[in-house]
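One structure below.
Predicted model only: the values in this text are computed from it and were never measured. Labels below follow one simple rule: chain letters A, B, ... track the order of the sequence lines, proteins then strands, and each chain is numbered from 1. Heavy-atom basis, side chains included; hydrogens, waters and symmetry copies ignored.
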Protein chains: 2
Amino acid sequence: MRKIPEPTVLRLSTYRRCLEDFKAQTNLPFVSSNELGRLAHRNAAIVRKDLSYFGEYGVPGKGYSVDHLLKHILRIMNLRREHRAVLVGAGNLGRALLGYPGFKKLGFRVVAAFDNDPRKVGRKIGEVAIFPVSKLKSEVERKKPAFGLITVPAAAAQESANLLVEAGVRAIINFAPARVWVPPRIVLRNVDLTRELEVASYYLG
Amino acid sequence: MRKIPEPTVLRLSTYRRCLEDFKAQTNLPFVSSNELGRLAHRNAAIVRKDLSYFGEYGVPGKGYSVDHLLKHILRIMNLRREHRAVLVGAGNLGRALLGYPGFKKLGFRVVAAFDNDPRKVGRKIGEVAIFPVSKLKSEVERKKPAFGLITVPAAAAQESANLLVEAGVRAIINFAPARVWVPPRIVLRNVDLTRELEVASYYLG
DNA sequence: AGCTGTGAAGTCATTCACAGCC
DNA sequence: GGCTGTGAATGACTTCACAGCT
């Protein structure tokens, strides 16, 4: 299998969501690249090309089976298994993430949260116990989550990343507004909540 | 001024953050494209090209004046004025956003929040009063915010967008996991909190 | 007829490489 | 010597356009 462009991976996530909407709204068994493109605000050709990287899923003259395509995308995205994750920082953002629909639906399960605020330690967010950060290493080594989610203030982001790497997570999603460095073997993705506001400001200006 | 590639606009936001970190950490007056590229995890040439779209800010042999460059980027991004915004959905995500550092620092000021939950209406998030959604139109018409931030459940996202458009906001940032449609004159940006988790899952698989 | 899959063409973005300046 | 600014070269991604299947 050829190397997949990152834009394609990002769009797959969009297609999945559009397919779920399409299924819920129409319940039709097939969707064409044209229709899916319209839903995802994309050209039909790029939809077909994106999907063709992973095999020939379409039926000429009919389109793509909605159910089969959904399953394929989940398999491609490695989303047909449960993913354990830990949360560093038990503030509003961490809470919001845990409550984000799709978080659970996509198979992500938060097995522990960590915070340095003594008022939070020992409490729970939903089902998830909050531990002091000093327990991060031992808890991660015991529960072996692949994902670490950083939702601490910017100043503590690098330190959190270091702890997560040392404890053995394989991927880090950094929601803090700070650049962090991790070894190349770790998958690092940054989410910046205000970037799109800045971009919108640019386009308004 | 030539048309600016969107990737450039996105990187400007990163450069701004890196410059602030650089200034706080080193207090040096100049930074080279090499150094800034290292901080932003980018090639030095793209740093120079990005900045050159907007004029010649650099000093050959020395680099870029940190302070001047910061000011220039803020001006380019239209961030040297206050931006009023309203929040639709006063849940954890809305709270997290209001508390996000840089939100205020970048000049974004939330002038009202709206929610349909009667237990939230009349309360406040920090300084921000929570109104029923039925008051959205009148409040927006009165306070004239340019930005609407959607932090409601997916099912209510389109409805929220419609109300915001009708009330006259010029830009919408949609944090709900749903595609929304707005007229072309409205600047629409989507933020998907779980997309980067999905992408990380792909790269782990 | 309608739609997919894909090579070829086209477009856009990044990196190279170097002249010119401090 | 070190660094910027930028045309040229390269590379990456998207769209076109059509053969081929149902």
* Structure fact -> Winner on side-chain proximity to A:A45, out of D:dA17, D:dC13, D:dT4, is D:dA17
Could you work out, with salt bridge (charged side-chain N to carboxylate O under 4.0 Å, His left out) as the rule, every residue matching [X], not counting sequence neighbours?
| X | value |
| --- | --- |
| A:R11 | A:D50 |
| A:D67 | A:K23 |
| B:E56 | none |
| A:R38 | A:E35 |

Between [N] ([atom2]) and [X] ([atom1]): distance, integer Å:
| X | N | atom1 | atom2 | answer |
| --- | --- | --- | --- | --- |
| B:K49 | D:dT10 | NZ | P | 15 Å |
| A:I4 | D:dC13 | CD1 | C1' | 13 Å |
| A:Y53 | C:dG7 | OH | P | 11 Å |
| B:L69 | D:dT4 | CG | C1' | 13 Å |
| B:D50 | C:dT15 | CG | P | 10 Å |
| A:L28 | C:dC3 | CG | C1' | 16 Å |
| A:L51 | D:dT14 | CG | C1' | 15 Å |
| A:E6 | D:dC13 | CD | C1' | 13 Å |

* Asked: Phosphate oxygens OP1/OP2 of D:dG5: is one of them under 4.0 Å from a side-chain N or O of B:Y64?
  -> yes
* Asked: Listed in order of residue number, which residues of residues 31-41 of chain B have a non-hydrogen atom at under 4.0 Å from DNA chain C?
  -> none
* Please work out which residues in residues 8-27 of chain A have a non-hydrogen atom less than 4.0 Å from an atom of DNA chain C and list them by number. => none
* Could you verify whether a donor N or O on one side chain and an acceptor N or O on the other, from A:R195 and B:T14, lie under 3.5 Å apart? => yes
* To do: Please list all pairs passing the salt bridge (charged side-chain N to carboxylate O under 4.0 Å, His left out) test where one or both residues lie in residues 156-166 of chain A, with sequence neighbours left out.
  => none
* Structure fact -> The complete set of salt bridge (charged side-chain N to carboxylate O under 4.0 Å, His left out) pairs with one or both residues in residues 139-156 of chain B, sequence neighbours excluded, reads B:K137-B:E141, B:E139-B:R142, B:E139-B:K143
* Asked: Can you list every ring pair (Phe, Tyr, Trp, His ring centres under 6.0 Å) pair that touches residues 152-186 of chain B, not counting sequence neighbours?
  -> none
* Scan for ring pair (Phe, Tyr, Trp, His ring centres under 6.0 Å) pairs involving residues 74-100 of chain A, sequence neighbours excluded, and state none if there are none. => A:H83-A:F108, A:H83-A:F147
* Asked: Is B:D115 reaching over with its side chain to a backbone N or O of B:A90, donor-acceptor style, under 3.5 angstrom?
  -> yes
Please write out each protein N/O paired with an N/O of nucleotides 18-22 of chain D under 3.5 Å, distance rounded to 0.1 Å.
| unit_1 | atom_1 | unit_2 | atom_2 | d |
| --- | --- | --- | --- | --- |
| D:dT22 | O4' | A:P60 | O | 3.3 |

* **Residues forming a ring-ring contact (aromatic ring centres under 6.0 Å, His included) with B:F131, sequence neighbours excluded** => B:F114
